[in-house]
Amino acid sequence: MKKQKIIRTGILAIIVLALVLFGGYTCLFSRTHYSFSRMNYSSNLLPDGFKGFKIVNLSDVHITTSKDIDRLEQIVDEIEDQSYDMVVFTGDLYEGKPIEDTKVQKILKKLQPGYGKFAVLGDEDHAHADEVTNILNEGGFEVLNNNTRTIHYRNSSFILYGQSLNSQEDIPDYDGFVLTLSHYPDSFIQNKGHTQLQLSGHSNGGTIWFPGIGPLVKCKNAITYNHGTYTEDNSELIVSNGIAPRKNYHFKVLCENEIIMITFE
């Protein structure tokens, strides 16, 4: 009996310690910590020539202070240490009025992929759409607004489609592979079947997310799709947790800030 009591006490101590460590990390570091999420993607419609093509997906930077800009520069410098071919941004560069635009432009210019930098605006960008568009443009990004670009690589090509906020337009039907950038994940309800791969942000991964339960924080336009990957109607959606949460959320649970790196297979 004494031995069993010692074992139970030890197990309880381990559980308490784990909860303390998890709570400490969540409260102190989860807002600013980030990691690289590496994914492989394949599709029968993707030309063989794109095997090994790498895309960096950035989303939801939510800049509000100079410290956020310094953190962005750190992230960009780490990306530059990686091997990649294209960078896409799926919205929300700032949260509120843009600040230190010249510095942000210089940071974004550091990204030097061989096959382009493309972006769509997010809901937080919308109030200052002209300013944010100019900052992205000066940083080397082309902002797409319900239009397409053909990406050529090794004698092959695919269609990149950038969808604007609250677009009511269906993605045009194209022959071959279509990659769609759309800030709102729930646009997948409309887009699935018309695109092979959609990249979105906005939801921050649900902010507080538990396996088997899902997100405890759901935001408009990320009610149905808000965390991870989904496959429906021969289309796949990848939802980014974003680089940073909105300023009114001081921690995240089980949806770490991330830079997504997708390798085509």
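- Counting heavy atoms from C-beta on, the side chains of D101 and E131 never come closer than 4.5 Å.
- The shortest side-chain heavy-atom distance between H194 and D233 does not fall under the 4.5 Å cut-off.
- Distance alone, capped at 3.5 Å, places no donor-acceptor pair between the D77 side chain and the Q74 backbone.
- Rounding to the nearest 0.5 angstrom, the gap separating the CG atom in L197 from the CD1 atom in I238 is 5.0 Å.
- Within 6.0 Å of NE2 on H126 lie no more than 12 heavy atoms contributed by other residues, nucleotides or ligands.
- Atom CG of L199 is separated from atom CD of E236 by 9.5 Å, given to the nearest 0.5 angstrom.
- Classified by interplanar angle (parallel below 30°, tilted 30° to 60°, perpendicular above 60°), the ring pair F53/F264 is parallel.
- More than 12 heavy-atom neighbours from other residues, nucleotides or ligands sit within 6.0 angstrom of NZ on K103.
- In this structure, D170 places its CG atom where more than 12 heavy-atom neighbours from other residues, nucleotides or ligands lie under 6.0 Å away.
- Inter-residue side-chain proximity for T150 and I159 is flagged as met; some heavy-atom pair is nearer than 4.5 Å.
- Scanning both residues, K54 and S83, for their nearest heavy atoms gives CD-O, 3.3 Å.
- Side chain of Y84 to main chain of Q112: a donor-acceptor pair is present (N/O by atom type, distance under 3.5 Å, no hydrogens or angles).
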Donor-acceptor pairs under 3.5 Å, side chain of residues 201-216 to any protein atom, not counting sequence neighbours: which ones?
| from | atom 1 | to | atom 2 | distance (Å) |
| --- | --- | --- | --- | --- |
| H202 | ND1 | D123 | OD1 | 3.2 |
| H202 | ND1 | H183 | NE2 | 3.2 |
| H202 | ND1 | R246 | NH2 | 3.2 |
| H202 | NE2 | K220 | O | 2.7 |
| S203 | OG | G205 | N | 3.1 |
| S203 | OG | N226 | O | 2.7 |

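- Closest heavy-atom contact between R71 and I243: NH2-O, 2.6 Å.
- V104 and L58 fall within the same hydrophobic cluster, defined by Ile, Leu, Val, Met, Phe, Trp and Tyr side-chain heavy atoms under 4.5 Å apart, directly or through other members.
- Residue pairs satisfying the salt bridge (charged side-chain N to carboxylate O under 4.0 Å, His left out) criterion with at least one member in residues 133-162, sequence neighbours excluded, are listed as follows: E142-R149.
- Between V61 and D68, the closest side-chain pair of non-hydrogen atoms is not below 4.5 Å.
- Around NZ of K110, the count of heavy atoms belonging to other residues, nucleotides or ligands within 6.0 Å exceeds 12.
- In this structure the side chain of T224 never reaches within 4.5 angstrom of the side chain of Y230, judged on heavy atoms.
- When every heavy atom of G116 is checked against every heavy atom of M86, the shortest pair comes out as O-CG, 3.4 Å.
- Identified under the salt bridge (charged side-chain N to carboxylate O under 4.0 Å, His left out) test for residues 221-230, with sequence neighbours left out: none.
- Screening residues 185-200 for salt bridge (charged side-chain N to carboxylate O under 4.0 Å, His left out) gives K192-E232 as the qualifying pairs, with residues at least two apart or on separate chains.
- Within the model, atoms OG1 of T231 and CZ of F188 stand 7.0 Å from one another, a figure rounded to the nearest 0.5 Å.
- Looking at K252 and N241, their side chains come closer than 4.5 Å, going by heavy atoms from C-beta outward.
- With no hydrogens or angles considered, no side-chain donor-acceptor pair links Q198 and S235 at under 3.5 Å.
- K109 and K117 get closest at one heavy-atom pair: CA-NZ, 3.9 Å.
- Of the N and O atoms on the side chains of S240 and S59, not one donor lies less than 3.5 Å from an acceptor on the other residue.
- For the residue pair P98 and I135, the shortest heavy atom distance occurs at CB-CD1, 3.9 Å.
- Here the CD1 atom belonging to I69 is positioned 4.0 Å from the CD1 atom belonging to I99, to the nearest 0.5 angstrom.
- Across all non-hydrogen atoms, the minimal contact from L181 to V120 is O-CG1, 3.7 Å.
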Expected list for residues 40-50: side-chain donor-acceptor pairs under 3.5 angstrom, two or more places apart:
| from | atom 1 | to | atom 2 | distance (Å) |
| --- | --- | --- | --- | --- |
| N40 | ND2 | E265 | OE2 | 3.2 |
| Y41 | OH | Q196 | O | 3.3 |
| S43 | OG | L45 | N | 3.1 |

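- For the side-chain contact (heavy atoms from CB on, under 4.5 Å) test, residues two or more places apart in sequence or in another chain that qualify with S167 are N146, Q163, S164, E169.
- Rounding to the nearest 0.5 Å places CG of N257 at 8.0 Å from CD1 of I75.
- Going from atom CG of L108 over to atom CG of L93 covers 6.5 Å, rounded to the nearest 0.5 Å.
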